[in-house]
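Worksheet: the structure to be examined is printed underneath.
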Number of protein chains: 2
Amino acid sequence: MLRISRLTDYGTVILVYLAQRGDRLCSASDVAAETHVALPTAQKLLKVLAKAGLVESTRGSEGGYCLARPPSSITAAEIVDALEGPVAITECSTEASQCELESMCHTGGAWQRINQAIRDALADVTLDELDCPPPAARTPAHKTAGVTARQQR
Amino acid sequence: MLRISRLTDYGTVILVYLAQRGDRLCSASDVAAETHVALPTAQKLLKVLAKAGLVESTRGSEGGYCLARPPSSITAAEIVDALEGPVAITECSTEASQCELESMCHTGGAWQRINQAIRDALADVTLDELDCPPPAARTPAHKTAGVTARQQR
DNA sequence: CAATATCGGACTATTTTAGTCCAATATGTT
DNA sequence: AACATATTGGACTAAAATAGTCCGATATTG
Ligand code: SF4
Ligand code: SF4
């Protein structure tokens, strides 16, 4: 149903938390406790994020993680890229397409346009903009004017 | 990696083929042969599309499928909705969110904005615009200026 | 040296997706 | 009326992606 993986979702939650903490180091267990992400999951995510260069790690006692760059320079597109690979809405959106229908397919071009549109939408949101409070807690219209998500068919 | 399912992909290929055939009926085996989608897969897809009201079926000998509406009135968003359910980039994008982090999550609102942007991008492409081959065979002067994703703000 | 916390990888379980099959039903033709 | 063709609906199996867990190695602090 066209969704990001739960890992990616939780990854952004963790990154937002790190952004709030500024330059202070946070251990994996610290992050897990504060975000309520399961500890092993948080560990795994932080490892991946460190490898991707989005967070920096410090080993040893009193070690931990912190953001590698200012939150305003990290986009949702980068986060998705890091955690689940580049956006590729169809098989033929990747470099090494293995779609057997490609030779006679009539829709690939349009999908690639859509792919780019999604990519632009993701690249347009930075980590500090991601810190956008409540999805639930259906409190009356706050400053978040246009955030309605009508999903029913 | 944020992609539509292969079924959805093949579903659009089939719909584009039906669009090309106009009002003429096509049997499932006809569709399979022309699009090179495996026959059982094509059958399954046509059934789902018929149930969603995107194609109409005629039973019996010489029966088959055809589009229920003109191609220009069918959008990619509808196709995705029909084949894999409404776009819901995160768990909390759905009506019945079951995310256990929701109460303390700081990112849900932003994801819903992104969700809407993706939805808009999909709703902006109609079935006849979808008929666009991937690599070569570029028709002159396309009207394709309309796939912009900047819907937010 | 001892305590703490990351690092790297491998492993299992779960869920989702893909693909297949069969019996029932409807329609046109012989 | 009987037959051949083609959709319909559901259930079923197989395959793949995802989620989550675990453990030994390594680096840093004190
Ligand atoms: S759009 Fe066409 S070429 Fe691209 S993956 Fe789908 S079927 Fe294959
Ligand atoms: S964005 Fe937050 S509330 Fe929404 S699904 Fe992800 S963790 Fe849950």
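Letters go in sequence order (proteins before strands), and every chain restarts at 1. Because the structure is a prediction, the values reported are computed rather than measured.
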A/Val13 and B/Cys105: which non-hydrogen atoms are nearest, and at how many Å? CG2-SG, 4.1 Å
B/Leu49 CG to D/dG9 C1', straight-line distance once rounded to whole Å: 15 Å
Please compare A/Lys51 and B/Leu39 by the position of their nearest nucleotide in DNA chain C and report the one closer to 5'. A/Lys51
Are any side-chain N or O atoms of A/Glu34 and backbone N or O atoms of A/Tyr17, one a donor and one an acceptor, separated by less than 3.5 Å? no
Value in whole Å for how far the P atom of C/dG19 lies from CD1 of B/Ile14: 11 Å
Kindly say whether A/Thr126 contributes a backbone atom to a donor-acceptor pair with the side chain of A/Glu129 at under 3.5 angstrom? yes
Could you go through A/Thr75 and A/Leu122, starting from their C-alpha distance and side-chain angles, then the distance that decides it, and tell me whether this counts as side chain to side chain contact (heavy atoms under 4.5 Å, CB included)? CA-CA 7 Å; A/Thr75 69; A/Leu122 287 173; over 6 Å; no
The correct set of residues in residues 23-36 of chain A placing a heavy atom under 4.0 Å from DNA chain C is A/Ser27, A/Ala28
Could you work out which one of C/dG19, C/dT6, D/dG20 sits closest to the side chain of A/Tyr65? C/dT6
Does B/Ile89 offer a backbone N or O that forms a donor-acceptor pair with the side chain of B/Asn115 under 3.5 Å? yes
Kindly say whether A/Cys92 contributes a backbone atom to a donor-acceptor pair with the side chain of A/Gln112 at under 3.5 angstrom? yes
To check you understand the geometry: which heavy-atom pair defines the closest contact between A/Cys66 and A/Asp23, and what is its length? CB-O, 4.1 Å
Find out whether A/Leu15 and A/Glu78 are in side-chain contact, i.e. whether some heavy atom of one side chain is under 4.5 Å from a heavy atom of the other. no
Do A/Asp30 and A/Arg21 pass the side chain to side chain contact (heavy atoms under 4.5 Å, CB included) test, and can you show the C-alpha distance, the side-chain angles, and the key distance before you say yes or no? CA-CA 11 Å; A/Asp30 184 9; A/Arg21 296 281 306 231; 3.6 Å; yes
Between CZ of B/Arg3 and P of D/dA16 the distance, given in whole Å, is 14 Å
Indicate yes or no: at least one non-hydrogen side-chain atom of B/Val31 is less than 4.5 angstrom from one of B/Val37. no
Can you tell me how far P of D/dA16 sits from CD of A/Glu91, to the nearest Å? 13 Å
For the side chain of B/Gln116 and the backbone of B/Arg113, is there at least one donor-acceptor N/O pair under 3.5 Å apart? no
If you find the nucleotide of DNA chain C closest to B/Ala38 and the one closest to A/Gly63, which residue's nucleotide is nearer the 5' end? A/Gly63
Table of protein N/O atoms under 3.5 Å from nucleotides 21-27 of chain C N/O atoms:
unit_1, atom_1, unit_2, atom_2, d
C/dT25, O2, B/Arg59, NH1, 3.4
C/dA26, O4', B/Arg59, NH1, 2.8
C/dT27, O2, B/Ser61, N, 3.0

Could you write out each protein N or O paired with an N or O of nucleotides 15-18 of chain C at a distance under 3.5 Å?
unit_1, atom_1, unit_2, atom_2, d
C/dA18, OP1, B/Arg6, N, 2.5
C/dA18, OP2, B/Ser5, OG, 3.4

To the nearest Å, how far apart are A/Leu46 CG and D/dG20 P? 15 Å
Could you pick out which residue, B/Glu56 or A/Thr41, lies toward the 5' side of DNA chain D when each is mapped onto its nearest nucleotide? B/Glu56
